[in-house]
There are 2 protein chains.
Amino acid sequence: MASQAMTPESVDFSKWYNEIVYKADLCDQSPVRGCLIIKPYGYELWEAIKNGLDRRFKATGHQNAYFPLFIPESFLKREAQHVEGFSPELAVVTIAGGKELEEPLIVRPTSETIIMATFKEWIQSYRDLPLLINQWANVVRWELRTRPFLRTTEFLWQEGHTAHASFDEAEAETRQMLDIYADFAVNDAAIPVIKGKKSDREKFAGAMHTYTIEAMMGDMKALQSGTSHNLGQNFAKAFDIKYVDENNEFQHVWTTSWGLSTRMVGAVVMAHGDDKGLRLPPKLAPYQVVIVPIYKNDDERGAVMETVERLAKLLSDAGIRIFVDRRESLSPGFKFNDWEMRGVPVRMEIGPKDIQNNSAALARLDIPGKEGKQFAPQEGIENRLKDLLADIQANMLKQATVFRDANIHDVKSYDELKRVVDQGGWARGWWAGSGDDEGRIKDETGATIRCFPFEQPGGAGNCFFTSAPAERIALFAKAY
Amino acid sequence: MASQAMTPESVDFSKWYNEIVYKADLCDQSPVRGCLIIKPYGYELWEAIKNGLDRRFKATGHQNAYFPLFIPESFLKREAQHVEGFSPELAVVTIAGGKELEEPLIVRPTSETIIMATFKEWIQSYRDLPLLINQWANVVRWELRTRPFLRTTEFLWQEGHTAHASFDEAEAETRQMLDIYADFAVNDAAIPVIKGKKSDREKFAGAMHTYTIEAMMGDMKALQSGTSHNLGQNFAKAFDIKYVDENNEFQHVWTTSWGLSTRMVGAVVMAHGDDKGLRLPPKLAPYQVVIVPIYKNDDERGAVMETVERLAKLLSDAGIRIFVDRRESLSPGFKFNDWEMRGVPVRMEIGPKDIQNNSAALARLDIPGKEGKQFAPQEGIENRLKDLLADIQANMLKQATVFRDANIHDVKSYDELKRVVDQGGWARGWWAGSGDDEGRIKDETGATIRCFPFEQPGGAGNCFFTSAPAERIALFAKAY
């Protein structure tokens, strides 16, 4: 609940982010290197994200389960690319119960290996397929440079793991889950994401195809916000997961995995925040409406608080998440700033005049100043607020979409890409380069292929880098 | 979905338990020593437990947060009794990111120390109190002997941690949370628990008082199902957590912690199960009603499935958790046994006769055979089922209460206690013995003081063990 001056987003985005996550009480530093404490306000945001996803997972036939935190070292080594990808980041338990372990245990960086070893036991026949499992869990990757929510040593996420009878079914699942992530991002988080495929260079360690949703943050950098992997038969073969098909023949299964993490909290902060602080989309906001009582003396206080408590109950009963700022020692002006900083979508003010007029003042966060302020009759205010919240949700998505679209530029040459990237934008162009070419662009400009968007212009063109004929466009950007 | 013969509960309870948790698909063995895989059916049960508790925590002003999985070794050592209590059970990360760590990290066995180190930062003034935090998390205790859900190396739980301005407030919180656990156990899990206080010998490492809910399992052994600790100022002093009171003076805070774990899944299994398998209380059952279609040929099948799907939608829309057993290759009889084994409270059968009569057959699990079977008109069946589920919930609580009360015996001498304990029952008697006396009884009979029940007969008596004047009765039993 600090009130000190904050670095404006427009001055130093990175500094702004590092300040706002703490000032808005989303998280706190922990005494453990690279690990974050998620404070109640941040955790409620994560719970809203979790609920939004979990509902969608269950509606599409997935079931939650839980697998061990520890993975025997030998398991991780079975899939060659996978172990190569994760080895540098592992935390290892070597002592337990006072004794040195015979085989060290890895704290899971992701659970493909232990889940695949289990799927081998669960799958015998085609009747056992598809097997659609999700896990909500903590995972650990020993990152050298960490940033709150974006990259931490321990983080919370969900990881889906599924097994199928054919490539086509696995591919359909992989795409379905990406669609679910995108649906959540767009409709709940008000973040217009671009769906696409990762280049081979950027795909998951052990995957055939990796699909991603890429979001543009307030500084125009890209944030990979959720990924879905078609693992082909790589893990099925490494873990020998076979089923008997309808012709009584043994086949390896096809598997997928897909994950979305507390990184999404960072995405919400960076996609919507402004100089005044957070701006939370109503569907995810821990408090959708904050009620600030306004009075000058005890007389006024009595009447105001009576109305405030009555309206608070009315709104709460109507299913609106509200918070009444009852703090005595702070001025209304301080409270306005405080809740603007914490990104509550609507502020409701109740003062003596409102008591007289049976009204309340409503200020919407997405439209600053007078333009976003209105007086509403107390009668039926719950419906008025529901409409207002829906309107804010829609408007925030629109604002983020306009911003994004204004900052994606088509490029026809490497020079053009350099200019675009240099100004912080995303560059979109025909691409037929190699992995090494990607590497060179990354080294020289800092930009990577975020994805080959599913939405392609059609036809063909010439690669902006190699001039060779190209069949698809790629999206380049600097990324978190 | 196995159908092999099962050890009857009445023949070998322990063996029955170890078989049923796997056969009913609650869990699976994992390749990691002492760690369990919680399968979807078991995890849904845990989710119902979680939701039931989380709702109650939030209604009493608690907020969820998340703290690091890892605890620096030095933190754990700060509270002397605490480190002594947990040292033998720790899992230790010594290598991370490819390097030996300077200070080893403990995988949390419980989070008092890291949370208290954080509370020190969060608490400055009396205005910051009470601080009411809960965490849903995995914890690790390296147990030598493990049993599914009851004692595993890794388990899932919630741990509440609160700080208060006075002993009285901390004590009230400790008792409130025990009441919440009891309310959940009785009303959601249909397990009649006894609330009471632990003896000094059995209390939590670092606590002033530990309160417990004790439940009687089907073999009459006790299961400690949830505990709430008044930690006094032990942790506040060890971590130097002070606040400025209203007189501007520094005071140490008073803290509490309370936890309930996946052990509750084991409690539900062992409190209600019978020779046929699980019996799940409707409020927690992943499926409250299973619908089994009955037909002999394709003609019948068409009409039956049409009605089944229509009723399935009706019930599902009415908020009843249902499962339609559409498996083609299995007989209705097999399915009946299978769902009885998995403990679904109500089985609904729909056959050709039911189509003719616009009826459905309902079989309740809590009353076996003909007596528990009824035919209900399809019209309004959703309300009939809601009533039936409520009745089953109440009846299961009654059954468990009758069983428990029949197996608690008042004892006036050590010999009487031995006889009671030998027959598996609980012994209740006046107690004024020492911790060493408790130890002797444990060594000689296997029974421990489960608690000093809050409900006391009043007055005073003579200790059944030492004959000294005693002011309270204690409850002795063998326990998990």
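Residue numbering restarts at 1 for every chain, and letters A, B, ... go by the order of the sequence lines.
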Does any non-hydrogen side-chain atom of [Y] lie less than 4.5 Å from one of [X]?
| X | Y | value |
| --- | --- | --- |
| A:Ser30 | B:Phe67 | no |
| B:Lys39 | A:Gln63 | no |
| B:Ile95 | A:Thr94 | yes |
| B:Trp46 | A:Asn64 | no |
| A:Val93 | B:Val92 | no |

Considering only heavy atoms and a distance below 4.5 Å, find which of A:Pro88, A:Ala117, A:Ser329, A:Pro104 pairs most often with chain B. A:Pro88
Given the options A:Pro31, A:Ala137, A:Gly42, A:Pro72, which has more heavy-atom pairs under 4.5 Å with chain B than any of the others? A:Pro31
Any ion pair linking B:Glu47 and A:Lys58 (charged N to carboxylate O, less than 4.0 Å)? yes
Crowding at CD, A:Glu309 (>12 non-hydrogen neighbours, <6.0 Å): yes
Verify the neighbour count for atom CD of B:Glu103: are there more than 12 heavy atoms of other residues, nucleotides or ligands below 6.0 Å? yes
Side chain, backbone, both or neither: which part of [X] has a heavy atom under 4.5 Å from chain A?
| X | answer |
| --- | --- |
| B:Glu44 | side chain |
| B:Ile133 | side chain |
| B:Leu156 | side chain |

Taking all non-hydrogen atoms of both residues, which atom of B:Trp122 and which atom of A:Asp28 are closest, and how far apart? NE1-OD2, 2.6 Å
Minimal non-hydrogen separation, A:Ile38 against B:Ala65, with atom names: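 That would be O-CB, 3.2 Å.
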Which answer fits [X], side chain, backbone, both or neither, if we ask what part of it has an atom under 4.5 Å from a heavy atom of chain B?
| X | value |
| --- | --- |
| A:Phe75 | side chain |
| A:Ile106 | neither |
| A:Pro68 | both |

Can you tell me how far CD1 of A:Ile37 sits from OH of B:Tyr66, rounded to the nearest 0.5 angstrom? 11.5 Å
If you round to the nearest 0.5 Å, how far is CZ of A:Arg33 from CD of B:Glu102? 11.5 Å
Is it true that the NZ or CZ of B:Lys99 lies under 6.0 Å from the centre of A:Trp142's six-membered ring and within 45 degrees of the ring axis? no
Apply side-chain contact (heavy atoms from CB on, under 4.5 Å) to A:Leu105 and B:Val32, showing your working. CA-CA 9 Å; A:Leu105 292 172; B:Val32 185; 4.1 Å; yes
Can a donor-acceptor pair be found, under 3.5 Å and without considering hydrogens, that links the side chain of B:Glu154 to the backbone of A:Leu69?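 It does hold such a pair.
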